[in-house]
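In what follows, a single structure is set out as structure tokens and then discussed.
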Amino acid sequence: MGYSIAPLERLTEQLERLPGVGRKSAARLAFHLLYMPQAEAKALQDAVADAREKICECPVCCNLTDTSPCAICGDSRRDASVICVVEDPRDVLAIERTREYHGLYHVLHGLISPMDGIGADQLCIKELLARLGDGEVKEVIMEDERVTEVIMATNPTVEGDYTAVYLSRLLKPLHIKVTRLAYGIPVGADLEYADEVTLSRSLEGRSEL
Ligand code: ZN
């Protein structure tokens with residue numbers, strides 16, 4: 001057993017569990033935290049505790065939030081007739097950055113993946129169905145509050161496509177328009193270097209000029 005300082009070793013091990021942090025980076029971060037002024041270390045500790053304590057899932061859209069419902073669900077200026085379904089809260093931030101979308105969201109917190117043993121019941125799918133009325137008329141829904149379109153904005157991967165198709169089948173009996181994000185050539189890219197799957201999807205999703 002080599003020389004080690006137990007608390008430092010423990011801190012390094014915890015940091016190493018963070019995504020993208022290897023053994024060397026973890027050790028560097030651990031030393032950085034040790035040499036930090038006490039007040040800064042305390043601020044970091046408080047920020048972690050505060051975020052863990054105050055952030056929860058929105059009861060409507062399942063996005064992470066510190067208010068209930070979240071700021072998007074609670075904003076009456078947003079178009080409540082469209083729901084954009086995403087895998088992860090980070091996808092909401094990405095779409096919001098475009099400033100192009102003004103509807104609501106629904107966060108699944110994962111994708112269906114038979115390979116990894118992740119089934120539909122482990123995702124926030126029943127919450128989505130509850131928002132769409134579950135096929136039954138539970139209460140009188142005002143005409144202007146009715147959801148008329150659900151956009152599947154899951155990633156163009158095997159799991160993302162599978163989840164989108166699965167959901168679109170579930171929603172079909174509800175007579176709601178289900179759309180999928182168009183995928184294509186990245187802006188500024190060269191057609192010559194696009195792979196054939198991207199290129200064929202771009203052709204399928206072409207739009208009129
Ligand atoms: Zn919400």
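For ligands, and for the atoms within them, numbers begin at 1 and follow the listed sequence.
Taking all atoms of both residues into account, the shortest heavy-atom contact from Y105 to E96 is OH-OE2, 2.5 Å.
At a threshold of 4.0 Å, the pair R180-D161 counts as salt-bridged, since one of the basic side-chain nitrogens sits closer than that to a carboxylate oxygen.
Atom CG in D75 sits 11.0 Å away from atom NE2 in H102 (nearest 0.5 Å). Interatomic distance, CG of L129 versus SG of C124, reported as 11.5 Å (0.5 Å rounding).
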Pairs under 3.5 angstrom only: tabulate donor-acceptor contacts from the side chains of residues 20-39 to other protein residues two or more places apart or in another chain.
unit_1 : atom_1 : unit_2 : atom_2 : d
R23    : NH1    : E16    : OE1    : 3.1
R23    : NH2    : E9     : OE1    : 3.4
R23    : NH2    : E9     : OE2    : 2.9

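Checked by atom type and distance alone, the side chain of T98 pairs as donor or acceptor with a backbone atom of E100 at under 3.5 Å.
For the Zn ion (ligand 1), the set of protein N/O/S atoms nearer than 2.8 Å consists of C58 SG, C61 SG, C70 SG, C73 SG, ordered by chain and number.
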